[in-house]
Structures are given as C-alpha cells and as structure tokens.
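Single-structure report; data block below.
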Amino acid sequence: MTDAPAPPLKLFNSLTRSLEEFVPVHPGEARVYSCGPTVYNYPHIGNMRAYVFADTLGRTLSFKGYKLTHVINITDVGHLTDDADAGEDKLEKAAAERAQSIWDIARHYTEAYWADVKALNIRQPAHWSIATDYVPQMIEFAKAIADRHCYELDSGLYFDTTTVADYGRLARHGTDEGESRIDPVEGKRHAADFAIWRKTPPGETRQMEWDSPWGRGAPGWHLECSVMSEALLGFPFDIHTGGIDHREIHHPNEIAQNQAHSCSDASGARFWMHNNFLVERSGKMSKSSGEFLRVQLLIDKGYHPLAYRLMCLQAHYRSELEFSWEGLGAALTRLKRLVMAAASVRDADAAAVTDRRLTDLLAKFDAAMSEDLNTPVALTLLEEAAAMKKIDAGQKRAALAAMDAVLGLDLLTITRADLRVRPKAVTIAEAEIEAALTRRKEARAAKDFAASDALRDELIAAGVEVMDGDPLGWDWRLEP
C-alpha cells in the first residue's frame with residue numbers, strides 16, 4: 001500500500017470564486033442541500049445533470065469518510081414561470097391548462113423525477129423535502145424577518161435587498177463581472193427585491209393557498225429552500241448545490257434571507273457549488289418543444305440511462321457539456337467496454353488491495369476526485385484498473401468496487417446484455433432475431449454467403465447489428 005497521506009478534498013466555492021479545502025461544520029459529517037425540481041413537467045436531461053453532479057459529490061464525500069446527510073427538495077408550489085419573480089406559479093399554470101388537480105400533477109411529475117433518479121443510479125438522499133409540507137415553518141420564518149427586512153404591497157410581502165450586506169455577491173450583481181440582472185417588478189422599492197409571500201389576487205382562488213399575516217396566498221420560491229435547508233440541516237451547513245442558473249437569482253435570494261434570519265452576514269452554507277449547463281444545439285432541451293430530451297426518450301431510442309451518466313462524468317461539472325446522439329453513442333460504447341472488463345472479476349471474492357499497481361491507481365483516483373471532483377481523469381483511472389491483466393481477481397474487484405462506488409456506473413452489477421436496450425420504434429421480436437441468426441449461422445456453415453449476407457442486411461434494416469464472433473451475438477443498431 002502507498003504510505004502517502006490521503007489528499008484533502010478541495011472544492012470550488014462559487015461564493016468566493018476559489019478552490020477551497022473542505023472542512024466540515026461538524027467534524028466527520030457532511031451536510032448537503034441540493035435544489036430539486038419544480039414538478040410541473042418532466043425533467044429534461046439538462047436538469048438531471050445537476051443531480052448526477054450532486055450525487056457524485058455525495059459519493060465522493062462518503063468515499064472520503066464523511067457521514068453524509070443529503071437533502072433534495074421537491075418544489076410543488078411557489079416557483080413562477082419567470083425566475084425573476086414574475087409570471088404565474090408553474091404548478092397553478094399547469095393545473096389550469098390541463099384542468100387537473102394540482103396535487104395530482106405534482107405527484108405524477110415527482111414520481112417521474114424519482115424514476116429518472118433511479119435510472120441514473122443516483123443514490124437516495126437522507127430526506128426528500130416537499131415544499132408544501134413546510135408552509136407553517138415558512139410563515140414563521142417570514143414573520144421573524146418581516147419587521148426589519150420586508151415591506152408589504154398589495155401583491156404580497158417583499159424582501160428589501162438593501163437591508164443585508166453585499167446582496168448578490170454570489171452572482172456578482174452590481175459589478176462588471178455580474179452575469180445577470182433581475183428584472184424590475186412594478187411597485188417594488190428596488191429592482192432586486194423579491195417576494196417572500198404572494199397574496200392571492202382578489203377574486204381568484206388558487207388550488208394551493210394558505211392563510212398568513214399578509215393575507216391568503218402562497219410562499220415565494222426562494223423562501224422555501226431557506227426554510228427546508230435550515231430545518232433539516234441547521235445553519236450553517238456545509239454545501240449547497242444547484243445548476244449555474246440558480247447562481248444568478250435564486251441562490252443570492254436564499255443567502256439574503258439566511259443573513260436576515262441569522263442576523264449576520266453568514267450565507268447559510270459554507271460552500272455554494274454549481275454545475276454548468278448541458279448544451280444541445282437542436283432546440284430540443286426546451287420543455288415547450290414537444291418531444292424534448294428527457295431520460296425516457298434516451299431509453300426509447302435504445303440507450304441505457306447509465307450511458308448518459310457516463311457522458312456527464314466525461315466532462316468536469318463546471319464545464320459546459322454538449323449533448324449529441326453521437327456523443328451518447330460513444331459513451332454507451334465506453335460503458336460496454338468497462339462492463340465487459342469488469343465481468344471477469346464480478347464473481348471473485350473481494351480481497352484487500354495490496355498490489356502496488358492497484359494501490360497507486362487508487363491513490364491517483366483519490367487525488368483526482370479530491371481536486372474538485374475531476375471525474376474525466378477518474379474515469380481514465382477506472383479504465384486502467386479494469387484493463388489490468390495478470391493481477392489477483394479479488395484485489396482487482398475490490399479496486400473497481402471502490403472507484404465505481406464514487407462514479408456510480410454499477411459496473412459489478414449490470415451485464416453487457418443489460419445494456420442492450422430495445423428501441424421503442426423497433427418492431428422485430430427478439431425471437432425473430434435469434435431465429436434469423438440461427439439461419440445465418442447455418443448458411444455460413446454451408447458456405448452460402450449470399451444468403452448469409454442477405455440475412456445480415458435484413459437484420460440491419462430492422463435495427464439489429466450482427467456481431468460475428470462475439471459471445472453476445474447481436475445488439476441494437478442505434479441511429480442518431
């Protein structure tokens with residue numbers, strides 16, 4: 001075994017724009033809050049990149065020996081169609097358009113999101129916090145800060161952003177580095193002020209509304225995360241994660257509320273971490289595009305969802321990642337090779353890793369993940385370990401298990417046949433494929449190569465790739 005001490009975990013803190021060593025608030029523990037989905041529609045694959053990132057962070061914290069408490073919220077009320085505090089509540093709007101119960105819509109899309117979480121091998125958090133379960137606490141939180149930090153308009157209770165120190169420092173508002181501007185809403189004292197509580201307009205009835213000191217209505221989106229993170233993790237907690245879009249409005253507003261409630265300049269979390277965007281050039285990332293890109297669409301087209309997870313890991317979480325069908329196909333091929341390499345040790349009994357070649361790889365893997373979750377390098381180290389020959393099977397299995405526990409590709413459980421996902425558009429039955437392959441084998445044995453080639457071409461036309469000499473025999477032919 002290598003005698004070098006384990007490297008400290010260093011993470012990029014969006015609040016300071018710097019790489020910092022992770023020192024937990026509570027020794028031996030790591031408390032993490034991740035902004036979850038607004039359940040008015042299915043999540044697209046860009047949304048899901050945030051949860052692959054948060055899961056990789058959580059797995060790395062576990063790998064580094066911390067007791068992890070991870071919270072992901074479900075927003076079922078309060079998130080408006082414009083993140084800058086304008087428009088309609090996304091859930092109320094969806095319920096009105098579809099003439100359905102808002103509670104049924106929230107339940108349906110929450111379950112759909114959870115199915116995607118499972119498909120991508122994202123670990124279950126310690127808590128799923130549902131926003132509507134915390135409305136009484138939200139009202140108490142708002143009451144505690146209302147006198148010093150808020151003012152009331154006909155439309156609701158608003159937070160005065162000038163009452164806290166250095167508002168917007170996370171997004172660098174008010175500087176040449178500022179990435180966004182919060183649109184003004186008529187009646188507010190300042191353009192950046194945001195709603196804590198929204199009153200139901202006179203003459204309207206919402207499906208989700210509660211009584212409050214400021215009238216019947218619903219909480220603001222930003223308030224929800226402040227309340228739930230404090231309730232489940234306590235202030236301060238260690239890490240708050242979310243997509244880079246949250247860095248501009250939602251998270252600065254959370255920080256302002258946390259400062260007000262704690263009567264300090266503390267942001268609530270020690271680290272604020274953000275994954276970059278998934279970029280898709282065809283326009284099918286938008287949920288208004290009809291057949292938008294979601295995990296189930298990838299499966300329907302014949303791609304195992306873990307190929308998308310691997311695709312995410314191939315890029316650093318702070319880098320933009322461009323999606324293409326060709327890129328996803330390449331990720332699936334890479335995953336197949338890893339699964340095939342791991343198959344030889346899947347049934348071996350894990351043994352203590354003492355071989356210097358493996359211990360060196362594990363040390364490099366630890367160093368890569370400890371340097372702000374460098375998954376692209378970590379993947380190459382996993383592949384190097386998987387490709388090792390003439391090495392103890394039990395040790396190799398243990399090394400692969402340790403690395404895969406962090407990357408979450410399920411290499412020692414899934415088989416190559418599991419990766420053979422039937423595209424939805426394919427009509428040929430698997431029994432027909434096997435029968436055609438048998439006939440082709442007979443034709444080849446009889447040296448009837450014309451018949452053999454014709455059968456192969458028929459299978460290709462049906463979406464089946466013939467793999468001569470391969471134990472698996474065939475796979476679906478994936479067309480972008």
Side-chain angles (χ1 to χ4, degrees), residues 33 35 38 73-93 95-96 102-103 106 129-165 167 182 184-235 249-268:
Y33 182 90
C35 279
T38 301
N73 76 288
I74 300 292
T75 297
D76 55 356
V77 66
H79 190 173
L80 301 193
T81 51
D82 183 335
D83 288 351
D85 270 345
E88 304 169 76
D89 182 294
K90 289 187 175 185
L91 267 294
E92 293 282 354
K93 185 173 185 286
I102 196 170
W103 302 98
S129 58
I130 312 297
T132 49
D133 291 344
Y134 288 81
V135 173
Q137 293 96 313
M138 293 176 200
I139 292 172
E140 291 305 311
F141 188 107
K143 285 165 63 176
I145 65 174
D147 289 346
R148 293 184 59 193
H149 298 277
C150 302
Y151 57 94
E152 194 170 352
L153 298 175
D154 290 343
S155 56
L157 184 69
Y158 282 81
F159 189 99
D160 186 334
T161 53
T162 66
T163 64
V164 293
Y167 171 76
I182 300 177
V185 174
E186 187 177 354
K188 296 193 299 185
R189 292 176 182 171
H190 314 99
D193 294 354
F194 57 91
I196 293 287
W197 187 266
R198 292 187 181 83
K199 299 178 187 177
T200 301
E204 289 187 17
T205 301
R206 292 174 175 168
Q207 290 194 43
M208 287 184 174
E209 57 180 2
W210 296 263
D211 290 324
S212 81
W214 316 283
R216 191 160 179 81
W221 175 40
H222 317 298
L223 178 64
E224 298 172 6
C225 286
S226 286
V227 169
M228 291 185 288
S229 60
E230 183 191 32
L232 293 169
L233 299 174
F235 282 165
I249 298 173
H250 180 45
H251 288 171
N253 291 352
E254 275 191 68
I255 289 171
Q257 293 166 158
N258 298 346
Q259 289 174 284
H261 197 259
S262 65
C263 300
S264 73
D265 294 341
S267 71

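Start at 1 with the first residue, then count along the sequence.
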| query | Are the side chain of Trp197 and the backbone N or O of Gly215 linked by a donor-acceptor pair below 3.5 Å? | reply |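 Yes: the side chain of Trp197 pairs with the backbone of Gly215.
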
| Expected output: side-chain Lys199 to main-chain Leu153 donor-acceptor under 3.5 Å |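 Yes, the answer is positive, given that a donor and an acceptor are paired below the 3.5 Å cut-off.
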
Minimum side-chain heavy-atom gap [X]-[Y] below 4.5 Å:
{"X": "Glu230", "Y": "Ser262", "value": "no"}
{"X": "Trp103", "Y": "Met208", "value": "yes"}
{"X": "Ile249", "Y": "His222", "value": "yes"}

| message | Which residues pass the side-chain contact (heavy atoms from CB on, under 4.5 Å) test with Ser129, not counting sequence neighbours? | response |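 With sequence neighbours excluded, Ser129 shows a side-chain contact (heavy atoms from CB on, under 4.5 Å) to Tyr33, Val71, Asn73, Tyr134, Met228, Leu232, given in chain and number order.
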
| field | Aromatic plane relationship, His79 with Trp221 - under 30° parallel, 30 to 60° tilted, over 60° perpendicular | value |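 Parallel.
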
Would you give the length of the straight line joining atom [atom1] of [X] to atom [atom2] of [Y], rounded to the nearest 0.5 angstrom?
{"X": "Leu80", "Y": "Glu88", "atom1": "CG", "atom2": "CD", "answer": "9.0 Å"}
{"X": "Ser226", "Y": "Ile145", "atom1": "OG", "atom2": "CD1", "answer": "8.0 Å"}
{"X": "Asp76", "Y": "Thr38", "atom1": "CG", "atom2": "OG1", "answer": "9.0 Å"}
{"X": "Glu224", "Y": "Asp133", "atom1": "CD", "atom2": "CG", "answer": "11.0 Å"}
{"X": "Leu223", "Y": "Ile196", "atom1": "CG", "atom2": "CD1", "answer": "5.0 Å"}

| task | With Lys188 as reference, evaluate Phe194, Tyr151, Phe159 under the side chain to side chain contact (heavy atoms under 4.5 Å, CB included) test and give the passing residue. | result |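 Going through Phe194, Tyr151, Phe159 one by one, the side chain to side chain contact (heavy atoms under 4.5 Å, CB included) with Lys188 is satisfied by Tyr151 alone.
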
Minimum-distance pair of heavy atoms, taken over all atoms of [X] and [Y]:
{"X": "Thr163", "Y": "His149", "answer": "OG1-ND1, 2.8 Å"}
{"X": "His250", "Y": "Cys225", "answer": "NE2-SG, 3.5 Å"}
{"X": "Val77", "Y": "Ala218", "answer": "CG2-CB, 4.0 Å"}
{"X": "Arg198", "Y": "Gly78", "answer": "NH1-O, 3.5 Å"}
{"X": "Leu157", "Y": "Ala146", "answer": "CD2-CB, 4.3 Å"}
{"X": "Gln207", "Y": "Glu92", "answer": "N-OE2, 3.1 Å"}

| task | Might you work through the side chain to side chain contact (heavy atoms under 4.5 Å, CB included) test for Ser229 and Phe235, ending with a clear yes or no? | result | CA-CA 8 Å; Ser229 60; Phe235 282 165; 3.7 Å; yes

| task | Step by step, work out the side chain to side chain contact (heavy atoms under 4.5 Å, CB included) result for Lys143 and Ser212. | result | CA-CA 9 Å; Lys143 285 165 63 176; Ser212 81; over 6 Å; no

| task | In plain terms, say whether Glu209 and Arg216 are close enough for a salt bridge, that is, a side-chain N and a carboxylate O under 4.0 Å apart. | result |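 Answer for the salt bridge query: yes.
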
| request: Determine, step by step, whether Ser267 and Asn258 satisfy the side-chain hydrogen bond (donor to acceptor under 3.5 Å, both in side chains) criterion, reporting the C-alpha distance in whole Å, the side-chain angles of both residues, the deciding distance to 0.1 Å, and the verdict. | output: CA-CA 6 Å; Ser267 71; Asn258 298 346; over 6 Å; no

| said: Does Arg189 qualify as a cation-pi partner of Tyr158, given the criterion of NZ or CZ under 6.0 Å from the six-membered ring centre and within 45 degrees of its axis? | reply: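 Here Arg189 fails the 6.0 Å and 45° test against Tyr158.
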
| task | For Asp160 and His190, run side chain to side chain contact (heavy atoms under 4.5 Å, CB included): C-alpha distance rounded to whole Å, both residues' side-chain angles, the deciding distance at 0.1 Å, then the answer. | result | CA-CA 7 Å; Asp160 186 334; His190 314 99; 3.1 Å; yes

| message | One pair to check against side chain to side chain contact (heavy atoms under 4.5 Å, CB included): Ile139 and Trp214. What are the steps and the verdict? | response | CA-CA 10 Å; Ile139 292 172; Trp214 316 283; 4.3 Å; yes

